[in-house]
Asks: 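Let me begin by handing over the structure; questions about it come next.
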Amino acid sequence: MHVEHDAPLAQLTTLRLGGPARRLVTAVTDEEIIATVVEADAAGEPLLVIGGGSNLVIGDAGFDGTVLRVATTGFELSGTRLELAAGEVWADAVRRTVEAGLAGIEFLAGIPGSAGATPVQNVGAYGQEVASTVTEVVAYDRRERATVTLSGAECEFSYRHSRFKAEPERYVVLRVRFALEDAAGLSSPVQYAEVARTLGVEAEQRVELRKAYETVLRLRAGKGMVLDPADHDTWSAGSFFTNPVLDPEQRAAFEARLDGRAAPLYPAPGGCTKTSAAWLIDQAGFTKGYGTGPATLSTKHTLALTNRGAATTADLLALAREIRDGVRAAFGVELVNEPVTVGVAL
């Protein structure tokens, strides 16, 4: 493993924000990951685990403890069964499954970050989420001081949530196992309306697998959601706010404030309704490119808060608070940040 002191963290995040780590350990094997965690826990040392850094907002003061950068590699495909090491680049792994002719994660193309982070956030996009294909997660359990294997059901997946997110100090993901599908070169059924329109098909239809993959990549790129170092619209944490889920009382209060506007409303579990954070932000007056400082909304997508090259984390959070408070004032709906915050809070 590689150890650095007073190491910059901004370069390890897609936002390019955050102060230094007192100690940065880069681990390339599961054993090195576990050894680093055990050492930090034994010393009572604060520990931050980083994969691809695509879902992190780190404070300008940095992290006064050990940062463990997971850089393990491993892509093992056996029939339709896939096992990924936590440090595998997710976008590359998706591409390789498509090249192998397997469906199941093709609509998650182009999402930045590492494989180990996908079950934590229950990563999803364009009508697909990893909860539908994850069969097992191998993790180090800091409470039990042992390596454990959790079934998909034991991961307790829900919208952008999981057991790992609910207990952030307990588990460190080592490996993720998936059950994919051999659909004779076809994709999973198309679920997302925008994808269906772009492909010219009806919902639930299958299309040629590579066409589905390439279509999603184009859609994401058009929204600044595919990493490009030269494009500041991609210097973001992706969607900064989750789509609000409203109970019946909240939905009624929300609809009373629409003044005839037709808001996107989708069924959600438990008799709830999901609406669009992007729509709320736009309708509250925060349009694409909003902001005059070093942190602004993306010029391509209202859900992405971006670093235009010289921003600080404080700049980004000031913008996030302005948007959150503006949406609350306009619609009575509370936006919740999707990225994990370290040393700061919205």
Asks: Between the main-chain N or O of Ala237 and the side-chain N or O of Ser54, is there a donor-acceptor pair closer than 3.5 Å?
Replies: no
Asks: Hydrophobic cluster membership, with links at side-chain heavy-atom distances under 4.5 Å among I/L/V/M/F/W/Y: are Leu68 and Phe63 in one?
Replies: no
Asks: Applying side chain to side chain donor-acceptor pair (under 3.5 Å), which residue pairs with at least one partner in residues 309-330 are found, sequence neighbours left out?
Replies: Asp60-Thr313, Tyr290-Glu322, Thr312-Asp315, Asp325-Arg328, Arg328-Glu334
Asks: Ser114 and Gly51: which non-hydrogen atoms are nearest, and at how many Å?
Replies: OG-CA, 3.5 Å
Asks: At their closest point, which heavy atom of Thr234 faces which heavy atom of Leu227, and how far apart are they?
Replies: O-CD2, 3.6 Å
Asks: Quick check against the 3.5 Å criterion: does Asn122 have a side-chain atom that pairs as donor or acceptor with the backbone of Ser158?
Replies: yes
Asks: Under the criterion side chain to side chain contact (heavy atoms under 4.5 Å, CB included), which of Leu24, Thr36, Val49 is the partner of Val67?
Replies: Leu24
Asks: Please check this pair: side chain of Thr149 against backbone of Val138, looking for a donor-acceptor N/O pair closer than 3.5 Å.
Replies: no
Asks: Would Leu317 end up clustered with Leu305 when hydrophobic side chains under 4.5 Å apart are linked, directly or stepwise?
Replies: yes
Asks: Take Ile34 and Glu31 through the side-chain contact (heavy atoms from CB on, under 4.5 Å) test and state the conclusion after the steps.
Replies: CA-CA 5 Å; Ile34 294 169; Glu31 292 74 20; 5.9 Å; no
Asks: Would a single hydrophobic cluster contain both Leu150 and Ile33, if residues Ile, Leu, Val, Met, Phe, Trp and Tyr are joined by side-chain heavy-atom contacts under 4.5 Å?
Replies: no
Asks: Does atom CZ of Arg257 have more than 12 heavy-atom neighbours, drawn from other residues, nucleotides or ligands, at distances under 6.0 Å?
Replies: yes
Asks: How would you list, by chain and number, every residue that makes a side-chain contact (heavy atoms from CB on, under 4.5 Å) with Tyr192, sequence neighbours excluded?
Replies: Tyr126, Glu194, Val195
Asks: Could you tell me whether a side-chain N or O of Arg163 sits under 3.5 Å from a main-chain N or O of Glu154, the two making a donor and an acceptor?
Replies: yes
Asks: Mind listing the closest non-hydrogen atom pair of Leu77 and Ala100 along with its distance?
Replies: CD2-CB, 3.7 Å
Asks: To the nearest 0.5 Å, tell me how far Lys223 NZ sits from Ser298 OG.
Replies: 11.0 Å
Asks: Not counting sequence neighbours, which residues clear salt bridge (Lys or Arg N to Asp or Glu O under 4.0 Å) with Glu255? List them please.
Replies: Arg251
Asks: Start with the C-alpha distance between Phe157 and Val134, add both sets of side-chain angles, then the distance that settles side-chain contact (heavy atoms from CB on, under 4.5 Å), and finish with yes or no.
Replies: CA-CA 10 Å; Phe157 291 122; Val134 169; 4.1 Å; yes
Asks: For residues Val336 and Val120: do they belong to one hydrophobic cluster (side chain heavy atoms under 4.5 Å, members Ile, Leu, Val, Met, Phe, Trp, Tyr)?
Replies: no
Asks: If you measure from NE2 on His161 to CD on Gln121, what distance do you get to the nearest 0.5 Å?
Replies: 9.5 Å
Asks: Please check this pair: side chain of Arg220 against backbone of Met225, looking for a donor-acceptor N/O pair closer than 3.5 Å.
Replies: yes
Asks: Check the side chains of Thr80 and Asp182 for a donor-acceptor pair under 3.5 angstrom, ignoring hydrogens and angles.
Replies: no
Asks: I'd like to know whether NZ of Lys288 has more than 12 heavy-atom contacts from other residues, nucleotides or ligands below 6.0 angstrom.
Replies: no
Asks: Does Asp30 have any salt bridge (Lys or Arg N to Asp or Glu O under 4.0 Å) partners at least two apart in sequence or in another chain, and if so, which?
Replies: Arg175
Asks: Please check this pair: side chain of Lys274 against backbone of Asn243, looking for a donor-acceptor N/O pair closer than 3.5 Å.
Replies: no
Asks: Under 3.5 Å, which donor-acceptor pairs link side chains of residues 105-113 to any protein atom two or more places apart or in another chain?
Replies:
| from | atom 1 | to | atom 2 | distance (Å) |
| --- | --- | --- | --- | --- |
| Glu106 | OE1 | Gly104 | N | 2.6 |
| Glu106 | OE2 | Ser188 | N | 2.6 |
| Glu106 | OE2 | Ser188 | OG | 3.1 |

Asks: Please name all residues satisfying ring-ring contact (aromatic ring centres under 6.0 Å, His included) with Tyr266, sequence neighbours left out, ordered by chain then number.
Replies: none
Asks: Looking at Trp279, is its backbone amide N or carbonyl O close enough to the side chain of Gln283 to form a donor-acceptor pair, meaning the two atoms are under 3.5 Å apart?
Replies: no
Asks: If I compare all heavy atoms of Trp235 with all of Asp228, which pair ends up nearest, and what's the gap?
Replies: NE1-O, 4.0 Å
Asks: Main chain of Thr296, side chain of Thr306: is a donor-acceptor contact present, judged purely on distance under 3.5 Å?
Replies: yes
Asks: Got a list of side-chain donor-acceptor pairs under 3.5 Å for residues 9-20, not counting sequence neighbours?
Replies:
| from | atom 1 | to | atom 2 | distance (Å) |
| --- | --- | --- | --- | --- |
| Thr13 | OG1 | Ala10 | O | 3.1 |
| Thr13 | OG1 | Arg16 | N | 3.0 |
| Thr13 | OG1 | Leu17 | N | 3.3 |
| Thr14 | OG1 | Ser236 | O | 2.6 |
| Arg16 | NH1 | Thr14 | O | 3.1 |

Asks: Distance-only check: which donor-acceptor pairs under 3.5 Å involve side-chain atoms of residues 37-45, not counting sequence neighbours?
Replies:
| from | atom 1 | to | atom 2 | distance (Å) |
| --- | --- | --- | --- | --- |
| Glu39 | OE1 | Arg23 | NH2 | 3.4 |
| Asp41 | OD1 | Arg142 | NE | 3.3 |
| Asp41 | OD1 | Arg142 | NH2 | 2.6 |
| Asp41 | OD2 | Arg142 | NE | 3.1 |
| Glu45 | OE1 | Arg22 | NH2 | 3.4 |
| Glu45 | OE2 | Arg22 | NH1 | 3.4 |
| Glu45 | OE2 | Arg22 | NH2 | 3.2 |
| Glu45 | OE2 | Thr66 | N | 3.4 |
| Glu45 | OE2 | Thr66 | OG1 | 3.3 |

Asks: Supply the atom-to-atom distance Thr275 OG1 to Phe254 CZ, rounded to the nearest 0.5 angstrom.
Replies: 4.0 Å
Asks: Look up atom OG1 in Thr118 and atom CG in Asn55, then write down how far apart they are to the nearest 0.5 Å.
Replies: 11.5 Å
Asks: When you measure from the side chain of Ser78 to the backbone N and O of Arg81, does any donor-acceptor pair fall under 3.5 Å?
Replies: no
Asks: Might you confirm whether atom CD of Glu202 has over 12 heavy atoms from other residues, nucleotides or ligands at distances under 6.0 Å?
Replies: no
Asks: List the steps and the verdict of side-chain contact (heavy atoms from CB on, under 4.5 Å) for Asp282 and Thr287.
Replies: CA-CA 5 Å; Asp282 183 75; Thr287 54; 3.5 Å; yes
Asks: Which pairs, with at least one residue in residues 68-77 and sequence neighbours excluded, count as a side chain to side chain donor-acceptor pair (under 3.5 Å)?
Replies: none
Asks: Could you go through Arg143 and Glu169, starting from their C-alpha distance and side-chain angles, then the distance that decides it, and tell me whether this counts as side-chain contact (heavy atoms from CB on, under 4.5 Å)?
Replies: CA-CA 9 Å; Arg143 189 177 75 187; Glu169 303 299 321; over 6 Å; no
Asks: Taking all atoms of both residues into account, what is the closest heavy-atom pair of Ala320 and Phe240, and its distance?
Replies: CB-CE2, 3.6 Å
Asks: Distance-only check: which donor-acceptor pairs under 3.5 Å involve side-chain atoms of residues 337-346, not counting sequence neighbours?
Replies:
| from | atom 1 | to | atom 2 | distance (Å) |
| --- | --- | --- | --- | --- |
| Asn337 | ND2 | Pro339 | O | 2.9 |
| Thr341 | OG1 | Val344 | O | 3.1 |

Asks: List for me each residue that meets side-chain contact (heavy atoms from CB on, under 4.5 Å) alongside Arg218, sequence neighbours excluded, and say none if there are none.
Replies: Glu214, Thr215
Asks: Look at the side chain of Arg206 and the backbone N and O of Ser187, then say whether any donor-acceptor pair between them is shorter than 3.5 Å.
Replies: yes
Asks: Tell me whether Leu219 shares a hydrophobic cluster with Val94, the cluster being built from Ile, Leu, Val, Met, Phe, Trp, Tyr side chains joined at under 4.5 Å.
Replies: no
Asks: Listing request: all salt bridge (Lys or Arg N to Asp or Glu O under 4.0 Å) pairs with a residue in residues 87-97, at least two apart in sequence or in separate chains.
Replies: Arg95-Glu99
Asks: For residues Val173 and Ala86, report the shortest heavy-atom separation together with the two atoms involved.
Replies: O-CB, 3.3 Å
Asks: Mind checking the CZ-CD spacing from Phe75 to Glu83? Nearest 0.5 Å is all I need.
Replies: 11.5 Å
